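Report on the following structure.
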Amino acid sequence: MIRTRFAPSPTGFLHIGGARTALFAWAYARHHAGRFILRIEDTDLVRSTPEAVQAILDGMHWLGLTHDEGPFYQTQRMSRYREVIEEMLLAGSAYPCYMTPAELDHLREEQRAAGLKPRYDGRWRPEPGKTLPTPPAGMRPVIRFRNPTDGVVAWDDLVKGRIEIANEELDDLVIARADGTPTYNFCVVVDDRDMGITHVIRGDDHVNNTPRQINILQALGAQLPLYAHLSMILGDDGQKLSKRHGAVSVMQYDDEGYLPEAVLNYLARLGWSHGDDEIFSMPQFCEWFDLDHITPSAAQFNTEKLNWLNAYYLKRTETARLADLVRPRLQARGVTVAAAPSLAAIIDLYKERAANLNELADLAEVFYIELHPKAELLAKHLTPETLPALEDFIDHLPEVAWEASAIGALIKASVARHGLKMPKLAMPLRVMLTGLEQTPSVDAVVALFPRETVLKRLAVAR
RNA sequence: GUCCCCAUCGUCUAGAGGCCCAGGACACUACCCUUUCACGGUAGGUACCGGGGUUCGAAUCCCCGUGGGGACGCCA
């Protein structure tokens, strides 16, 4: 049974890189009919917040990435971590260290100055025949893992291939702080083992943690999971995403009018491929997804392509669902959605032209507000040349059958009677009715409105 | 600085030695459609980081260089 997990730390919202990691871990479990586990890594009491937990849950929910187990919270597993630390202390694979943070800083500075890799020097590490310093009175030690000193740690990464790191490069990491709370690399190991994780699918930035985690797992006599490290996602400008640079919450895409299926489809294609296929539903994605077609190199986010996908999905989404999504956006703007014209009818006509839900709301809004077309637009299209045809059209409006084809015929007739071309009447009608120069077929737009509203909006011509 | 990773059109990518003087998609350009603008359709331009090997043959394998990224915490 394949078991994957997504293990974010609740120090902020769910951003686009985290969302892709979650998507891949989720899809891998789905593909193999396995289980997908959500685990909140909140051992950093200072930086974790309940708001961030909620933001992550909201993001996962919006994307529809449902978990089969969890969410588990590391803060609720403290007794378990303490238990394992006791075991390790007893077995000699961990030991107390009384070095102060200030001493450590000093050591690291010296090492850096000497061109060395900063690392703990093992002064409190017990060795056969070695005399340890006397522990300072009244000081609580941290607990360090006794990392092997020679040999190499190697694993076959499912994305990057074989990676080997010499144990000489690794130092004895802290697994429990002076206050007794366990640290990340240790909790991950205990949790992944306890939760039976078979495939650790996570960001590239964890590659360097992997050998440490493997060493701890081995000290514990645990079976190793398989690892797949996903490369990072860069911003639109090729720069690294960070809190102050473009790392937007997935919920911001909701705010900006993107459909979750478009975001998902876009993310799926960022770093993974299935031949030349570009468009696929989530069931299709889960069926196709595998770890063999993930690129090991970093990918740059491209908003234009996301926009294209969003427009694609918008065009194919049922009108009723779009109306449900657009209505609250209009209401949030203080626009009252009247019964006529019906929002569904408007969306039906306009959904082909919008790239996102907010644009759709922009286009629909003009049907419900008191309209004041811009003076320069009126001046541009309401010329002395067009006026007679327009008046002709208005005069015949009261008796025309209220449907696009009849209205279209009337426009053609009015235009013909005054020896003009179609746009000479279509353009002023567009501007007077919607305030815009670009609309769908003008007869269809006229037909959307109640007859009285059209007469009212065209009255400005006289 | 040390260690690790990465490298095909502007961008996302196909490519697992001959099918590739490199294919698809977004973006771009032109044309068609047209009641404006979109949509849609058709056509087009643009890429294997550099140098050495290996091989009858390399985008694909190896080495070096260059460039980019990540990690070096009592953060995750």
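By convention in this document, chain letters (A, B, ...) are assigned in the order of the sequence lines, proteins followed by strands, and residues within each chain are numbered from 1. All values below come from the heavy atoms of this structure, side chains included, with hydrogens, waters and symmetry mates left out. Owing to the predicted nature of the structure, the values given are computational and were not obtained by experimental measurement.
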To the nearest Å, how far apart are D156(A) CG and C5(B) P? 13 Å
Would you mind reading off the distance between Y120(A) atom OH and C3(B) atom P, rounded to a whole angstrom? 23 Å
Paired nucleotide for G18(B) [Watson-Crick or G-U wobble; both distances under 3.5 Å]: C56(B)
Quick one: list whatever passes side chain to side chain contact (heavy atoms under 4.5 Å, CB included) with T149(A), sequence neighbours left out. R125(A)
Could you give the OH-to-C1' distance, from Y312(A) to G40(B), as a whole number of Å? 13 Å
Return the orientation label for the W272(A) and F289(A) ring planes: parallel under 30°, perpendicular over 60°, tilted otherwise. tilted
Taking the side chain as every heavy atom from C-beta outward, state whether E169(A) and R119(A) have any atom pair closer than 4.5 Å. yes
Protein-nucleotides 20-24 of chain B N/O pairs under 3.5 Å:
residue: G23(B); atom: N2; partner: D276(A); partner atom: OD1; Å: 3.0
residue: G24(B); atom: N2; partner: R269(A); partner atom: NH2; Å: 3.3
residue: G24(B); atom: N2; partner: E278(A); partner atom: OE2; Å: 2.9

Partner set under side chain to side chain donor-acceptor pair (under 3.5 Å) for S405(A), not counting sequence neighbours: E403(A)
Expressed in angstrom and rounded to an integer, what is the separation of L230(A) atom CG from C4(B) atom C1'? 17 Å
Using whole Å, what does the distance between atom P of nucleotide C39(B) and atom CG of N307(A) come to? 12 Å
Side chains of D392(A) and H418(A): closer than 4.5 Å at any heavy-atom pair? yes
Less than 4.0 angstrom from a charged side-chain N to a carboxylate O is my criterion; do K160(A) and D204(A) meet it? yes
Residues in side chain to side chain donor-acceptor pair (under 3.5 Å) contact with K380(A), at least two apart in sequence or another chain: E437(A)
My understanding is that only residues two or more places apart in sequence, or in another chain, count here; which of them pass side chain to side chain contact (heavy atoms under 4.5 Å, CB included) with P440(A)? L349(A), Y350(A), R353(A), V445(A)
Do any side-chain nitrogens or oxygens of T295(A) fall under 4.0 Å of OP1 or OP2 in U13(B)? yes
Strictly under 4.0 angstrom, non-hydrogen atoms only: write out the protein contact profile of nucleotides 63-74 of chain B, one letter per nucleotide from the 5' end, B, S or -. ------SBSBSB
For A7(B), give the paired nucleotide (Watson-Crick: N1-N3 plus N6-O4 or O6-N4; G-U: N1-O2 and O6-N3; both under 3.5 Å), or none. U66(B)
Can you tell me the distance, in whole Å, between the CD atom of E109(A) and the P atom of G1(B)? 18 Å
